[in-house]
Amino acid sequence: MTALDPPDAERSTPSRTAGPDPDPDIRDDTILGRRHRALTLGIVTVVSLIAFEASAVNTAMPIAARALDGVELYAYAFSAYFTASLFAMALSGEWCDRKGPLAPLFSGIVAFGAGLVVAGTAQRMWMFVGGRAVQGIGGGLVIVALYVVVGRAYPRRLQPAVLASFSAAWVLPVIVGPVVAGTVTEQAGWRWVFLSIPVLVLPPLAVMLPALRTLPPGGRSPAMDRRRILLALAVAGGAGLLQYAAQDLAWYSLLPAAAGLALLVPCVLRLLPAGTFRAARGLPSVVLLRGVAAGAFLGAESFVPLMLVTQRGLSATASGLALAGGGLTWALGSYTQSRARLEPYRERLMGLGMLLIAVAIALVPLALADSVPVWTVAVAWAVGGYGMGMTISSASVLMLKLSGPEDAGSNSSSLQVSDALGNITLVGLSGVLFVAFGGAAIAPTTHATTTPAAASSHPAAFIAVYTAMATVALAGAWVTTRLRPRPVSR
């Protein structure tokens with residue numbers, strides 16, 4: 001029996017004889033029961049630390065860039081992480097399928113910690129960017145390996161609950177991360193935001209190791225698929241070129257942009273499951289939906305703080321707090337999809353989730369009108385976060401359900417690659433629309449200097465972004481009708 005097969009305990013009924021439960025292991029078989037407790041706590045801790053770093057780095061990055069006299073390379077500190085992780089995701093999938101998740105997981109955590117040390121000790125901005133790239137390699141290895149661990153270590157009925165804990169692990173770091181990072185930066189210096197995390201990763205590794213050692217090795221031949229790894233390298237290179245071109249919107253940027261597209265498009269078509277971009281039934285639609293949902297939500301979210309600051313005169317802190325509720329409801333939505341009684345309706349839940357995302361995005365531009373309370377944005381984003389929790393976690397559950405043990409790694413990497421590409425494509429599209437409808441002319445303002453004239457400048461730029469992303473989310477709702485594989489005729 002594999003980790004993806006329903007255990008016999010799920011199909012049997014308890015004995016009717018008097019006395020204690022004849023099989024106490026069944027009663028205790030939860031993600032925090034004796035069998036899985038150590039592994040679950042280790043996974044949640046690792047995800048929480050990665051989430052804390054992701055939220056904290058946004059706070060420390062401006063100070064670091066100025067201290068290293070490298071503000072011109074500021075954007076590359078983010079894109080380097082993302083580009084490197086694209087390659088590492090595909091590498092991790094191949095590695096997990098052939099050797100099991102233990103080696104890529106530990107290698108990823110080591111690389112992530114090493115990248116933090118390089119960034120925290122950097123004396124030049126290019127060294128800092130290099131450290132972020134090493135972090136990206138580690139993050140890409142870790143996230144795919146964790147999905148494979150879930151598929152192999154937990155029975156299918158517990159997998160939704162484990163994946164819900166992934167979302168829950170992000171809630172506290174997203175809320176306290178910026179505050180803690182800001183305090184550390186002000187009191188001890190920005191370097192300690194990076195240098196303190198590697199030490200914290202060691203305890204959860206020690207807790208997880210015994211359980212990870214019992215996992216079976218990969219089910220494929222030991223040799224890795226070099227073609228898939230090269231395709232991933234080409235996708236990362238193409239994405240990097242596109243991001244480079246986007247940083248400098250001049251005529252000569254067309255050359256790296258064209259080269260990036262030439263690398264990215266054909267390689268992505270070969271890297272993701274066949275039929276992904278035509279929403280073929282089953283796994284291809286699951287992978288496509290992940291990118292559509294993540295990209296639409298982030299594409300809209302990226303412009304919410306800017307809209308609230310420039311159009312409604314909120315402070316940067318207040319505009320950020322408007323998004324905080326989305327993190328909490330994301331965890332609640334993920335918890336909702338983990339309920340066993342809702343399993344037969346998973347595809348419908350995902351359709352509802354995409355509709356909630358579309359509604360939330362469509363409600364945000366209402367706040368451009370002064371007569372609409374600004375808290376409407378916070379309410380809308382809480383609704384959208386709930387839809388994301390149901391959709392993203394359910395996509396991971398379906399991916400594992402439709403994958404055999406020998407394919408869990410490559411399919412997990414496809415899911416993560418789709419997520420990353422959806423972010424690149426749709427956030428980029430949002431930026432293009434924003435500029436095309438006059439958004440570049442919107443000058444950043446502070447709460448003290450905002451005037452009614454400033455608040456009414458170029459609202460069409462924001463409306464264009466939210467209309468496009470809401471439309472994409474509606475398209476995602478249609479994709480959810482194709483998640484269930486076509487029945488095989490007998």
Side-chain angles (χ1 to χ4, degrees), residues 44-85 88 106-143 169-206 243 247 302 305-306 309 314-321 323-324 327 444 446-448:
V44 169
T45 303
V46 169
V47 173
S48 296
L49 288 172
I50 293 176
F52 175 81
E53 190 277 337
S55 59
V57 73
N58 291 331
T59 303
M61 190 75 77
I63 307 299
R66 287 196 294 268
L68 297 174
D69 194 24
V71 176
E72 70 278 3
L73 297 178
Y74 180 82
Y76 293 105
F78 292 97
S79 61
Y81 181 98
F82 171 75
T83 303
S85 67
F106 275 73
S107 298
I109 291 175
V110 169
F112 189 79
L116 287 167
V117 171
V118 172
T121 58
Q123 301 301 312
R124 297 287 186 274
M125 190 62 180
W126 65 265
M127 294 176 60
F128 186 88
V129 172
R132 292 285 292 162
V134 176
Q135 275 186 260
I137 292 174
L141 291 173
V142 167
I143 190 62
W170 276 81
V171 173
L172 187 61
V174 167
I175 295 174
V176 306
V179 177
V180 173
T183 302
V184 171
T185 299
E186 293 173 2
Q187 301 299 322
W190 65 268
R191 296 183 185 276
W192 288 105
V193 174
F194 295 88
L195 295 176
S196 59
I197 297 176
V199 179
L200 300 177
V201 177
L202 298 177
L205 288 183
Q243 291 173 70
Q247 300 302 317
S302 300
L306 182 62
V309 169
L314 269 64
S315 67
T317 300
S319 65
L321 289 175
L323 303 177
T446 64
H447 181 69

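Quick caveat, the model's predicted, so the values are computed rather than measured. FYI, the numbering just counts along the sequence from 1. FYI, side chains are in, hydrogens and waters are out, and symmetry mates aren't considered; it's all heavy atoms of this structure.
- Listed by chain and number, the residues in a side-chain hydrogen bond (donor to acceptor under 3.5 Å, both in side chains) with T83 are Q243 (sequence neighbours excluded).
- Residues forming a ring pair (Phe, Tyr, Trp, His ring centres under 6.0 Å) with F128 (at least two apart in sequence, or on another chain): W190, F194.
- The two residues L195 and L116 come nearest to each other via the heavy atoms CD2-O, 4.2 Å.
- Counting all heavy atoms, side chain and backbone alike, P198 lies closest to G113 at CG-O, 3.8 Å.
- Contact check for T45 versus P203: no side-chain heavy atoms found under the 4.5 Å cut-off.
- A distance of 10.0 Å separates CE of M125 from CG of D69, quoted to the nearest 0.5 Å.
- Residues passing the side-chain contact (heavy atoms from CB on, under 4.5 Å) test with W126, sequence neighbours excluded: R124.
- For the side-chain contact (heavy atoms from CB on, under 4.5 Å) test, no residue two or more places apart in sequence or in another chain qualifies with V118.
- Legend: residues meeting side-chain contact (heavy atoms from CB on, under 4.5 Å) with Y81, ordered by chain and number and at least two apart, are F112, R132, Q135.
- The nearest pair of heavy atoms linking S107 to L141 is C-CD1, 4.2 Å.
- Closest approach of L68 and A122 over heavy atoms only: CD2-O, 3.4 Å.
- Here I109 pairs with V46, L105, V142, V201, L205 under the side-chain contact (heavy atoms from CB on, under 4.5 Å) rule; sequence neighbours left out.
- The shortest non-hydrogen separation linking G138 to A111 is CA-CB, 3.8 Å.
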